[in-house]
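Let me begin by handing over the structure; questions about it come next.
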Protein chains: 2
Amino acid sequence: MARKPDLRVVPAAAREPTLDLGILPNQVGYHLRLAQIAVFEDFAETFHDHGMSPGRFGVMVLIEANPGVSQGQLAQAIHLDRSTMVSVIDYLEGRDLVVRKASATDRRTNALWITPKGAELLADLKKLVEQHEERILADLSAEERAQLVQLLNRVKRQNLL
Amino acid sequence: MARKPDLRVVPAAAREPTLDLGILPNQVGYHLRLAQIAVFEDFAETFHDHGMSPGRFGVMVLIEANPGVSQGQLAQAIHLDRSTMVSVIDYLEGRDLVVRKASATDRRTNALWITPKGAELLADLKKLVEQHEERILADLSAEERAQLVQLLNRVKRQNLL
DNA sequence: CCAATTTAGATTGGCGTCAAACTATTTTGC
DNA sequence: GCAAAATAGTTTGACGCCAATCTAAATTGG
């Protein structure tokens, strides 16, 4: 392969590396990662003041939609380890956004419920997440967004779901 | 009682109520995350025996394509923190896959080069990554793969690059 | 019925990542 | 020319995640 010596003599401040990315742009995984980073950064920025991450937000959504759900069910649904879910719920419970209650049928499990305070916050978060999505997808039409989701869902995931 | 393989008798663990996912499936970010997880799992499985992760592989590709590149340039190109790059290079250098050399023009920077051993390994890794991509994208035609990349690249990323 | 196995949640340890602070060096600006 | 600011690499600390392990409880199977 021909080497590309960087012969540019430019002031350091204006030096634009513009590295040769090699085979990386040929990989779908690479572009997936870049998109993921961009989305996560906007998400983090949007929800930083609320102490929320995609994982925490997802957990609150699932608890609200499935009152009494267990931690293990959540972990499986959202692809987090059970041990990770412990600290997520610890955090949310510590902020009085969700509560662990005793299960009526299985004393091993915690039945999780959203609190009034949690439901109130979640309503605001849902509006914010809509704005977030609108922001990151501004350049895509409704058809293109649906197409993107459709293509993403056809990425092989026999290990998951 | 005659013993028969009753496929409907599944362990208690398989009692999956199939949670209501609420608004999550409406979010592109959610589907992006699922695809990312699936891709990463296959990648990790493929490269586990080689002690490689997407980040380490990407760094090796970039060093090979840009001999003498600095750690900071790499970090910027691949969206890792400079401090993270230190340990990545430490690891690769510890395995004699890359080397830090003194820069001719800036004594602050390390000029990074791939070693013969690193180049040899990288050649194998590139074949593996092709197979990995083929596996995760098996359900997509060439046109659909290009379309997916095209859509991913149009996700807003003004924060990046 | 009851011992063995499985399951749920929690604890601990390891790894990867980022951010802040530190040192050495380079660049900037007066 | 030289002091101030910026930059490169490193170290340290924090956080999120997973894997292994532990305890209590439920389920299974003889």
Side-chain angles (χ1 to χ4, degrees), chain A residues 9-15 17 33 36-37 40-41 43-45 47-48 51-59 68-93 98 100-112 159-160, chain B residues 1 3 6 9-16 33 36-37 40-41 43-45 47-48 51-59 68-93 100-112 159-160:
Chain A
V9 182
V10 224
R15 203 193 306 153
R33 178 166 175 271
Q36 173 75 20
I37 290 174
F40 183 84
E41 289 208 353
F43 192 104
E45 202 171 310
F47 289 90
H48 179 266
M52 282 290 141
S53 63
R56 288 172 181 169
F57 172 73
V59 164
V69 68
S70 74
Q71 296 181 194
Q73 288 175 314
L74 284 181
Q76 187 175 13
I78 212 168
H79 299 289
L80 285 181
D81 194 86
R82 293 196 319 274
S83 55
T84 303
M85 191 56 61
V86 173
S87 61
V88 173
I89 300 300
D90 281 351
Y91 174 83
L92 295 176
E93 191 173 37
V98 308
R100 290 173 164 105
K101 293 188 178 179
S103 163
T105 59
D106 189 336
R107 282 187 296 169
R108 292 172 304 178
T109 68
N110 295 328
L112 301 169
N159 316 347
L160 314 172
Chain B
M1 217 180 260
R3 205 46 281 149
D6 188 348
V9 173
V10 277
R15 254 190 296 135
E16 292 182 43
R33 179 167 173 271
Q36 173 76 18
I37 290 174
F40 183 83
E41 289 207 355
F43 192 104
E45 202 171 313
F47 289 90
H48 179 268
M52 282 291 142
S53 62
R56 288 172 181 169
F57 172 73
V59 164
V69 67
S70 74
Q71 295 181 193
Q73 287 174 315
L74 284 181
Q76 185 176 13
I78 212 168
H79 295 106
L80 284 181
D81 195 86
R82 293 197 317 276
S83 57
T84 303
M85 192 56 62
V86 173
S87 60
V88 173
I89 301 299
D90 280 351
Y91 174 84
L92 295 177
E93 191 174 38
R100 290 173 163 107
K101 293 188 179 179
S103 163
T105 58
D106 189 336
R107 283 187 297 169
R108 293 171 304 177
T109 67
N110 296 327
L112 300 170
N159 314 349
L160 315 172

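Throughout, protein chains are lettered first and strands after them, A, B, ... in sequence-line order, and every chain is numbered starting at 1. Keep in mind that what you see is a predicted model, and the values were worked out from it rather than measured.
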Does D106(A) reach a base, just sugar-phosphate, or nothing at all? Heavy atoms under 4.0 Å.
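D106(A): backbone/sugar contact only, no base atoms under 4.0 Å.
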Notebook entry, point to check: Has the side chain of R108(A) got a donor or acceptor that lies under 3.5 Å from a partner of the other kind on the base of dT7(C)?
Noted result: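 Counting by modelled atom types and ignoring angles, a donor-acceptor contact under 3.5 Å is found here.
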Item to complete: Output yes when at least one side-chain N/O atom of Q71(A) is less than 4.0 Å from OP1 or OP2 of dA10(C), else no.
Response: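 Yes, Q71(A) has a side-chain N/O under 4.0 Å of OP1/OP2 on dA10(C).
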Using modelled atom types only, decide if a donor and an acceptor are shared between the side chain of Y91(A) and the backbone of R56(A) within a distance under 3.5 Å.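 No.
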*For Q76(B) and dA8(D), give me the distance from atom CD to atom C1', rounded to whole Å.*
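It is 13 Å, rounded to the nearest whole Å.
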Sugar-phosphate, base or nothing in reach of S87(A), heavy atoms under 4.0 Å
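The residue S87(A) makes no contact with any strand.
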Original post:
Is there a donor-acceptor pair under 3.5 Å between the side chain of R33(A) and the backbone N or O of I78(B)?
Top reply: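 Answer holds: yes.
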Got a second to check how far T109(B)'s OG1 is from K101(B)'s NZ, nearest 0.5 Å?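 These two atoms lie 14.0 Å from each other.
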Query raised in the report: In whole Å, what is the span from the CD atom of E45(B) to the C1' atom of dC18(D)?
Result: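 In whole Å, dC18(D) C1' and E45(B) CD are 15 Å from each other.
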Rounded distance in Å - CD1 (I37(B)) to P (dC17(D)):
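The distance from CD1 of I37(B) to P of dC17(D) comes to 10 Å, rounded to the nearest Å.
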Exercise. Given dC15(C), is OP1 or OP2 found less than 4.0 Å from the side-chain N or O atoms of R56(B)?
Worked result: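 No, because none of the side-chain N or O atoms of R56(B) sits under 4.0 Å from OP1 or OP2 of dC15(C).
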- Message: I need the OH-P distance between Y91(B) and dG14(C), as an integer number of Å.
- Response: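 My rounded result for the distance is 18 Å.
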So which one's nearest nucleotide on DNA chain C is more toward 5', R33(A) or R82(A)?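 Here R82(A) is the residue nearer the 5' end.
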message: Under a 3.5 Å distance rule, please check whether E93(A) uses its side chain to pair with a backbone N or O of R100(A) as donor and acceptor.
response: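 Side chain of E93(A) to backbone of R100(A): a pair is present.
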* NA contact type, S53(A), heavy-atom cut-off 4.0 Å: base, sugar-phosphate, or nothing? ->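 Result for S53(A) = nothing.
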Check your understanding: Would you say the base of dA25(D) and the side-chain of T109(A) have a donor-acceptor pair closer than 3.5 Å?
Key ->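 Side chain to base: no pair present.
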- Query: So, is T84(B) close to the dC18(C) phosphate, meaning a side-chain N or O under 4.0 Å from OP1 or OP2?
  - Reply: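 So the side-chain polar atoms of T84(B) do come within 4.0 Å of the phosphate oxygens OP1 or OP2 of dC18(C), strictly under.
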